[in-house]
Structures are given as structure tokens and as C-alpha cells.
Amino acid sequence: RKEYVEYMAARKIQTKWRFFACRQDYVYFMAARKIQANWRAAVCRDLYLHQIAAKIIQTKWRSYVFRKEYVEYMAARKIQNSWRAAVSRDIYIQMIAAILIQNKWRSYVCRKEYVSYMVARKIQTRWRSYACRHDYVSYVAARKIQTKWRFFICRQDYLFFMAARKIQTYWRAAVCRQDFNFYVAAKIIQANWRAAVCRERYIHNIAAMLIQNKWRSFVCRQHYIFYTAARTIQTNWRAAVCRNQYLYHIAAMMIQNKWRTFVYRRDYVSYMAARKIQSKWRSFECRQDFVVYIAARMIQTKWRSFACRQDYIFYMAARKLQTLWRKFACKEKYVQYIAARTIQTSWRAAVGREMYLENIAALLIQNKWRSFVCRQDFLHYMAARTIQNSWRAAISRHLLLHNVATKQIQTKWRSYVCRKEYVEYMAARKIQTKWRTFVWRQDFVVYMAARKIQANWRAAVCRDLYLHQIAAKIIQT
């Protein structure tokens, strides 16, 4: 009992001491935890203030740099616009002068070529008309000589033909009369001879026919008696064989039906047993898979809802900061845009007025010059038209054949050119389709590679953030 009392006293002392020690450790742990929490909060607050200060400094510096670059850009743009306007004006004046010079030179060249063409055309028409008249006269003379010669030859051939025809008709008539006399004499002799021979053959044929009829009737009666006897024997034998075969067939069918019903019933019983076993096993597996699926789905839904809440909190905080910053930036940009717009409108109005006055003066000069040129061209055109009408009325008959030939040549040449251009177009189209498919395929391959790289990079970043969050939660707990 003394040892037990000592043991219990020592046990109470130890429990008191351990409780005191645990309470002291817990107090120290909580004090250290509060100190660490306060220290971390102070550090985070300092870091956040430094970040905010750096961000404000960066935004101010960037806005200053952007305004400076924008002012330099607008000044350079105004200088470029004024320089381009001056250069364009000079180029336009030079182009108008060059166009006028080219028009005058081309009209002179066209008139010169037309005069040379018309002279060569007149010479060609005169020479062709002379050659055609000469060829036609020689052709008519040769045609008349040929007709006279052919008529003479045809008349000689017709006279010889008619003389030969008369001689042939007289000769053929004499030969036919002689052949007809011989034919009539031979025909009378042959008829008498054939009548005598036919009478003798008829008498012999009548006797032979009577003997043959009697003999054939006797042979037919004998064949009919043997045929009827054999037919009755064959019918009786075939009926006996058919009855035996029918009885064997009925017996075999009954045995087969009994055996097939027995086999079908046995297979059906085994099939239903296996079907019940399979259905029970599949229902058990489906229940197990459904339980596992429901458990995994509940865990996933809890975790996704927690992650979505955290992301939504961070998203709303970032969105509020972004909206405030964008409002501030938009106000400054709108003020700068309004100022630049007023400057541009005033500058463009001044430049537009100057260009309008210059264009009005140039338009008046151009209208006067064009009206003068049109009148001169109309007078030249009417004079040339009267000359052409008189000339065309004289040579229109001679040019009809030439125009048809040239038209056929032009149609052939245009059809050839169209076919050639169509072939080139189809070849170029095929090359373009092949090249576009190749480029699209290359772009698609590059896009898919970049997409895979981005997906892998985002997955790695998300994994690192998740691990850091878990580590921070473990350290905090």
C-alpha cells in the first residue's frame, strides 16, 4: 500500500508537471505565432506599399514618355503631310504636262501611220483588182476552149456509141432467134421422153407403196403391244418404289424433329442460365463503378467550388483596380485626343481652302483647253468622215471578201489566245491552290505546336502556384 501511495503521488506530480510544461510550451508557441503573424503582416504591408509606389512611379513615367512620343509623332506627321502635299502637287503638275505632250505626240504618230497605211492600202487594192481582172479573163478564155473541145469529144463518142449499139442489137436479135428455135425443139423432145419415164415409174411406185403399207401396219401393231406391256410393268414398279421412299422420308423427318427440339431446349436452358449469371455480375460491377464515380465526383465538385471562389475573389479585386486605372487613363487620352483633333481640323481647313482655290483655277484652264481641243478634233473628224464615207462607198464591194478573211483569222487567233490564257489561268489557279493549302497546313502545324507549348507552360505555372499555395497553407497552419 505504501508503494502504491508513493506511486500515485509521483504520478500526480508528473501529471501536474507535464500539464504545466505543456501549458508553458503552448503559451510560448502562441506568442511566437502572434509575433510571426504580426511580422509577416508588417513585411507584406511594406512590400505592398513599395509595389504601389513603384507602380505609380512607373505609370507616371510611362505616361510622360507616351505624351512626349505622341507630341513628337504629331509634329513629324504634320511636317510629313505638308511635305507630301507639296511633292504631290509638283508631281501632279509634271504628270499633266507629260500627258499633254504624250497626247500631242501620239496624235501626230497616229496620223502619220494612218496616212502611210491608207497609201499602201490604195496601192494594194489597185494591184489586186488588176490581178483579179487578168486572172478572170484568162480563166474565161480557158473555160470556153475547154467547153468547145469537150463538146466535140462527146459528140464523136456518142456517134461511135450509137453505131455500135445498132450493130449489137441486130446481132443479139439473130442469136436469140436461133437459140429460141433450138430451145423449142429440145423442150418438145424432153417433154415426150419425161412423160414415158413418169408413167413407168408411177406403176412401179404404186406396187411398192401397197407392200410397204401392209408391212408397216403389222410392225406398228407389234411395237404397240410390247410398249403397253412395258409401260404397265414400269408404272407398278415406280409406284412401289415411291411408296417405300415416302415412308422412309416421313420416318426420318419425325426423328430429326425430335432430335432438334431436344437440342434446342438444351441450348436454350444453358443460354438463359448464362444470361442470368452475366446480368447479375454486370449489375454488381455497375453499382461498384457508380459508387466510386459518385464519390470522386463529390470530391471534385468540392475542390472545384473552393478553387472557383478563390479565383473569383482575386478576379474581382484585380477588376476593380483595372477599372479605376482605365478610367484615369481614358480621361487623359480623351483630353489629348480632343486637343489634337481641334489642331488637325484647323490645319486641314486651311490646307483645304488653299487646295480648293488652286483646283478651281486649274479646272478653269483645263476646261478652256479641252473645249478648244474637242472643237479641233471634231472638225478634223468630220472632214475625215466625209472623205472616208465617199471612199468606203466605192471600195466596200472589193473589201467584203478581204474583211471576211480577216474576220476568220481574227476569230481563230482570238480563240487561240483565249484557250492559251485559259490554260495559263487554270495552271496558275492550281499552283495557287497548292501553295495556299501548303501555307495553311504550315500555319496550322505552327499554331498547334504553339498551342501545345502554351498549354504545357500554363499547366506548369498553375502547378507551381498550387504547390506554393499548399506550402504557404502548411506553413501558416
Side-chain angles (χ1 to χ4, degrees), residues 88 91-150 359 362-363 365-440:
S88 299
I91 291 168
Y92 181 74
I93 292 167
Q94 293 175 3
M95 184 178 71
I96 293 298
I99 287 169
L100 292 172
I101 294 165
Q102 288 177 0
N103 288 326
K104 293 296 179 182
W105 174 252
R106 286 171 183 165
S107 63
Y108 171 73
V109 171
C110 289
R111 279 196 299 275
K112 188 176 180 181
E113 290 178 354
Y114 183 73
V115 170
S116 60
Y117 168 72
M118 292 302 293
V119 171
R121 191 172 173 182
K122 286 181 180 179
I123 294 166
Q124 287 178 357
T125 52
R126 295 293 182 185
W127 173 252
R128 286 171 184 166
S129 64
Y130 172 74
C132 288
R133 278 197 302 275
H134 186 269
D135 293 336
Y136 183 72
V137 170
S138 61
Y139 169 72
V140 169
R143 188 175 175 183
K144 286 182 179 180
I145 293 165
Q146 287 177 358
T147 53
K148 295 293 183 182
W149 175 250
R150 286 172 183 167
N359 288 326
L363 282 168
I365 295 165
Q366 287 177 0
N367 288 324
K368 296 293 183 182
W369 174 253
R370 284 173 183 166
S371 63
F372 174 74
V373 171
C374 288
R375 279 196 299 276
Q376 294 294 324
D377 292 335
F378 182 73
L379 293 173
H380 291 297
Y381 171 73
M382 291 302 292
R385 187 173 176 183
T386 55
I387 295 165
Q388 287 176 359
N389 288 325
S390 61
W391 178 252
R392 285 171 184 167
I395 64 170
S396 60
R397 290 188 296 275
H398 299 288
L399 291 176
L400 182 62
L401 297 174
H402 180 69
N403 288 329
V404 170
T406 54
K407 192 173 180 180
Q408 289 180 356
I409 293 165
Q410 287 176 357
T411 54
K412 295 292 184 184
W413 173 253
R414 286 169 183 167
S415 64
Y416 169 72
V417 171
C418 289
R419 281 197 299 275
K420 187 177 179 182
E421 290 178 354
Y422 182 73
V423 171
E424 292 176 355
Y425 168 73
M426 292 303 291
R429 189 175 176 181
K430 287 183 180 178
I431 293 165
Q432 287 177 358
T433 53
K434 296 291 185 184
W435 173 253
R436 285 170 183 167
T437 53
F438 173 74
V439 171
W440 182 80

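Note that the NZ atom of K434 and the CD1 atom of I431 stand 11.0 Å from one another [nearest 0.5 Å]. Distance check: R143 CZ to Y136 OH gives 7.5 Å after rounding to the nearest 0.5 Å. To the nearest 0.5 Å, the span separating CZ on R429 from OH on Y422 amounts to 8.0 Å. The distance from the CH2 atom of W413 to the NZ atom of K420 is 7.0 Å, given to the nearest 0.5 Å. In this structure, the separation between OH on Y108 and CD on E113 is 11.0 Å, given to the nearest 0.5 Å.
Between V417 and the choices R419, E421, R414, the side chain to side chain contact (heavy atoms under 4.5 Å, CB included) rule is met once, by E421.
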